[in-house]
Amino acid sequence: MSFEKFVSEANEAVKFALKQLSIKNDSFSLTEPTRDEFGDLSCNVSFLLSKELQKSPYEIASMLVEKIHQFRNSGGSDSQSYILSAVAHESGYINFKANLTIIGKEVISYILKNDRPKLDIGKRKRVIIEHTSVNPNKALHVGHLRNVVIGDTMYRILKETNYDVTVLNYVDDSGLQVADVLVGFLFLKLPVTPPNKNMKFDTYCGNEVYAKVNELYEKDASLIERRKSLLKKLEEGDPEISKFASEITSKVLKDQLRTCWRMKARYDLLNFESHIIRSKLWEKTFERMRRENIIIKETEGENAGCWVFGSDLEGTKIIVRSNGTATYIAKDIPYALLKVGTLQDQFKYRVFLTQWDNSTLWASSTVDLNDTNHPNFFPAEDSITVIDNRQTRLQKIIQEILDKFESNSNRYLHLSYGPVLLSSRTAMALGIRPDDQKSVQMSGRKGIFVDADFVLDTLYGKAKEETVKRNPEITGEDLERTSEEIAISAMRYSLIKNDLDKELKFDMIDSLSLDGNSGPYLQYAYARCCRLIEKSNIGSFSEDTSQLSDPIEYRLIKHLSKYALVIQDTINNMEPKLIALYAYDLATMFNLFYEKLPILKEKDAKISQARISLVETIRKILKIYISFVGITPLERM
RNA sequence: GGGCCCAUAGUUCAGUUUGGAUAGAAUGGCUGCCUGCGGAGCAGUUGGUCGAGGGUUCAAAUCCCUCUGGGCCCGCCA
């Protein structure tokens, strides 16, 4: 929107000035200065030319600024300039000031007019995003939640900017981890219903069954053999075992989904690994890879008898073992090919459940229910897979293999993120003694993890306490709903505000904070906006920004004018934290504004109306941004 | 052994892609501000040789090299 216009006009102005002086340079940059007094945009071109022209940066800046003034005058009188002034600073910078009157008017009137300002960035482009994909043998821990929140936040942003998005959740219902819990039920005869009736089934499977089985593996090696044979039966589709496994995994899956839904995530389709196995998609893929010489059979050496892929990055990678079974990576290939459309979708689908937002969750199916009303899930132009960065190598090889088929690798994106670690303090609370002050890796197998629902429940309790303290009149369902929304907001925000690349240290005590740079802080700012609008009883909002002259208002308008830029940046770089940062900055500026300047109490009616209108603009943008992050805007809290 | 990532205030992190002016938040500690538009807030104060050394540059937290410390990946496991 408007801020971009200001930037591009400044860019044109500098180019014009350079041309007037017959100087060639296209490597200059325009950046926002570190301090307000330097204006809104600075150009470094003088530094770059200093040596070549044998002049000081300040001299050059002065020359250029003179020409920039000519540029502004040549613009014609009917078109107003977004540049208010350009000055040569003694340091050598050329500092531009934006014409905030025009920019503010444009931005505020646009936002006020449009109930939900829509940005058509996607143009209905088909995108598949896969996230969550937790093995169906345990309850989600906070590490899984990072995946859910990253995936769901990107989904929300893409959806709102007019991409045609499909969300997938891949369910590995026939892997080793499922075999582990089956060992517990079938051989150790652990009860199939949790002895503790209050315990969720997914928690029971993970904490009791899975943990117990893993403990016994170390004592009883024969159990490992039994697991192996179970796994084989699972993969071959043995009717009895498959049926039992399916009962267990779908019970776990439904409990896991309850946690995901609690976090406000939603999905379009569940893909079960067992269905992919039975579809013979792998055999078709294998056949094609052999035919097209993407993989070759080794005849001698240590890999004799194996089908291998010659990776540019990794060297020889075994795809099919000498006994004819597929390796872990091999199983991901057909799914990836399906996403980008190299393989045709031949699956059957059924309705699995209706979700919290009333959308339908579909599932792949082995039986044809003649349910032809399902949407088209595959293929997509772009496919995004949210997996933690320990899988980076494997994902790169899959991209390489896709490339061999039809140069698809740029359409297959691995959205990678760092794992969640437990802070030493939280680890100690769980009875683990970390060396030094180091963080601790979570491990489901070793029982070192923090259960997602436990954290949410604790946050909920804290939020409820605070809500009651502040609003004694809120009771019953209202109180519960509000407390839950605050808890979710705290959790989602803390999982998205940091850089994806970096490991995230989870600390139970810190994460319980509802103050400072947190989700509830954003909700609070939003609620304040709502109350102001409500109390103002304003008839109509004003687009006249000439009444807004305070530096605080200036900064707010400038920030608002960048709202579209940030969304574009987020998508271009797949950096959801930019959304969180922008919203936090906006909330901070608003709180300062609220503290320092009278809004409803302002005596001058025109100024008051302009300020209320500014609040309404802030409210709308805050609502859009916090919704991107999956935080529910609350009118009271 | 090979590859990738990371190191900024007591703590948790922005800032590094695209070098630029006095390195910013949050939290903790200390101190102010509610008869006032909601104090889940605002302000002040405390706290930093940007891991170390070298190089490039008019200019380095940011780019290059070396080193140190930490993490992850590298199986006919999944």
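Letters A, B, ... are given to chains in the order of the sequence lines, protein chains preceding strands, and every chain is numbered from 1. Side chains included, hydrogens not; waters and symmetry mates left out as well; all remaining heavy atoms used.
When the C1' atom of rC72(B) is taken as reference, atom NE2 of His414(A) falls 13 Å away, rounded to whole Å. Between the P atom of rC37(B) and the CD1 atom of Ile618(A) lies a distance of 19 Å, rounded to the nearest Å. Put simply, CG on Asp585(A) is 10 Å from C1' on rA14(B), counting in whole angstrom units. Regarding Glu90(A), its CD atom lies at a distance of 19 Å from the P atom of rA59(B), rounded to whole Å. Distance, Leu176(A) CG to rA78(B) P: 7 Å, rounded to whole Å. Atoms CD1 (Ile496(A)) and P (rA14(B)) sit 13 Å apart, rounded to a whole Å. In this entry the distance linking CG of Leu514(A) with P of rA26(B) reads 17 Å, nearest Å. If you measure from atom CE of Met589(A) to atom C1' of rG24(B), you get 13 Å, rounded to the nearest angstrom.
A heavy atom closer than 4.0 Å to some atom of RNA chain B occurs in no member of residues 223-231 of chain A.
One finds no side-chain N or O of Arg321(A) lying less than 4.0 angstrom from the OP1 or OP2 phosphate oxygen of rG75(B). The side chain of Gln441(A) contributes an N or O atom lying less than 4.0 Å from OP1 or OP2 of rC72(B). Checking the phosphate oxygens (OP1, OP2) of rC37(B), no side-chain nitrogen or oxygen of Lys601(A) falls inside 4.0 Å. Regarding contacts with the backbone of rG69(B), every side-chain N or O of Lys438(A) stays at 4.0 angstrom or more from both OP1 and OP2. Contact check, Lys535(A) against rG38(B): a side-chain N or O comes under 4.0 Å of OP1 or OP2. Between Tyr521(A) and rC42(B), a side-chain N or O to OP1/OP2 separation shorter than 4.0 Å is present.
When atom types are taken as modelled, the side chain of Asn471(A) and the backbone of Met637(A) share a donor-acceptor pair closer than 3.5 angstrom. In this structure a side-chain-to-backbone donor-acceptor pair under 3.5 Å is missing from Arg531(A) to Arg636(A).
At the heavy-atom level, Ile319(A) lies nowhere under 4.0 Å from the strands shown. Residue Pro33(A) is classed as a base contact, given a heavy-atom separation below 4.0 Å to a base. In this structure, Ala326(A) reaches neither bases nor backbone, as no heavy-atom distance under 4.0 Å exists between it and the strands shown. No engagement by Thr31(A) is indicated, since no non-hydrogen atom pair under 4.0 Å with the nucleic acid exists. Base engagement by Thr467(A) is indicated by at least one non-hydrogen atom pair under 4.0 Å involving a base atom. Across all strands, Arg528(A) comes closer than 4.0 Å only to sugar-phosphate atoms, never to a base (heavy-atom distances). Across all strands, Leu592(A) comes closer than 4.0 Å only to sugar-phosphate atoms, never to a base (heavy-atom distances). Contacts of Leu581(A) with the nucleic acid, taken as non-hydrogen atoms under 4.0 Å apart, involve only primed sugar atoms and P, OP1 or OP2. Using a 4.0 Å heavy-atom distance criterion, Ser91(A) is classed as a base contact. Among the heavy atoms of the strands lying under 4.0 Å from Pro598(A) is at least one base atom, whether or not backbone atoms are also near.
One cannot find a donor-acceptor pair under 3.5 Å joining the base of rA23(B) and the side-chain atoms of Thr34(A). Side-chain atoms of Asn95(A) come within donor-acceptor range of the base of rA21(B), with a qualifying N/O pair under 3.5 Å. For a distance-only test at 3.5 Å, the side chain of Arg393(A) qualifies as a donor-acceptor partner of the base of rC73(B). Side-chain N/O atoms of Ser50(A) and base N/O atoms of rC58(B) include no donor-acceptor pair closer than 3.5 Å.
The number of heavy-atom neighbours closer than 6.0 Å to CD of Glu302(A), taken from other residues, nucleotides and ligands shown, is 12 or below. Within 6.0 Å of atom CD in Glu635(A), 12 or fewer heavy atoms from other residues, nucleotides or ligands are found, so the atom counts as exposed in its surroundings. Within 6.0 Å of NZ in Lys462(A) there are more than 12 heavy atoms belonging to other residues, nucleotides or ligands.
Nucleotide rC63(B) forms a Watson-Crick or G-U wobble pair with rG55(B), both donor-acceptor distances falling under 3.5 Å. Across all strands shown, rG32(B) pairs with rC42(B); the Watson-Crick or G-U wobble distances both stay below 3.5 Å. Applying the Watson-Crick and G-U wobble criteria (two distances, each under 3.5 Å), rA9(B) pairs with nothing in any strand. For rC76(B), there is no paired base (Watson-Crick or G-U wobble, both distances below 3.5 Å). rA14(B): no Watson-Crick or G-U partner with both key distances under 3.5 Å is found in any strand.
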Contact string for nucleotides 44-49 of chain B, one letter per nucleotide 5' to 3', B = base within protein heavy-atom range under 4.0 Å, S = sugar-phosphate only, - = neither, reads ------
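Nearest-nucleotide mapping onto RNA chain B: of Ser322(A) and Ala463(A), the residue sitting toward the 5' end is Ala463(A). In this structure, Phe593(A) and Gly301(A) both approach RNA chain B, and ranking their closest nucleotides by distance from the 5' end singles out Phe593(A).
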Scan nucleotides 7-13 of chain B against the protein and return all N/O pairs shorter than 3.5 Å with their distances rounded to 0.1 Å.
unit_1: rA7(B); atom_1: OP1; unit_2: Lys502(A); atom_2: NZ; d: 3.3
unit_1: rC13(B); atom_1: O2'; unit_2: Asn498(A); atom_2: OD1; d: 3.4

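The aromatic rings of Tyr521(A) and Tyr584(A) sit tilted relative to each other, their planes meeting at an angle between 30° and 60°. Between Phe286(A) and Trp307(A), the two ring planes are perpendicular [angle over 60°; tilted spans 30° to 60°].
The existence of a salt bridge linking Lys228(A) and Glu225(A) is excluded, since no basic side-chain nitrogen approaches an acidic carboxylate oxygen closer than 4.0 Å. Taking the charged nitrogens against the carboxylate oxygens, Asp510(A) and Arg425(A) do have a contact shorter than 4.0 Å, which makes a salt bridge. Using a cut-off of 4.0 Å between Lys/Arg side-chain N and Asp/Glu carboxylate O, Glu553(A) and Arg611(A) are scored as salt-bridged. Salt bridge annotation for Glu484(A)-Arg481(A): absent, with no cationic side-chain nitrogen under 4.0 angstrom from a carboxylate oxygen. Between Glu32(A) and Lys562(A) there is a salt bridge, since at least one side-chain N of the basic residue sits less than 4.0 Å from a carboxylate O of the acidic one.
Glycosidic conformation, rC67(B): anti, with the torsion outside 90° of 0.
Taking atom P on both rA23(B) and rU18(B), the two are 24 Å apart, rounded to the nearest angstrom.
Each of rU27(B), rC76(B), rC73(B) was ranked by its minimum atom distance to the side chain of Asp515(A); first place goes to rU27(B). Across rC76(B), rA26(B), rC72(B), the shortest atom-to-atom separation from the side chain of Cys306(A) is found for rC76(B).
Phe47(A) does not qualify as a stacking partner of the rA59(B) base, lacking a centre-to-centre distance under 5.5 Å together with planes within 30°.
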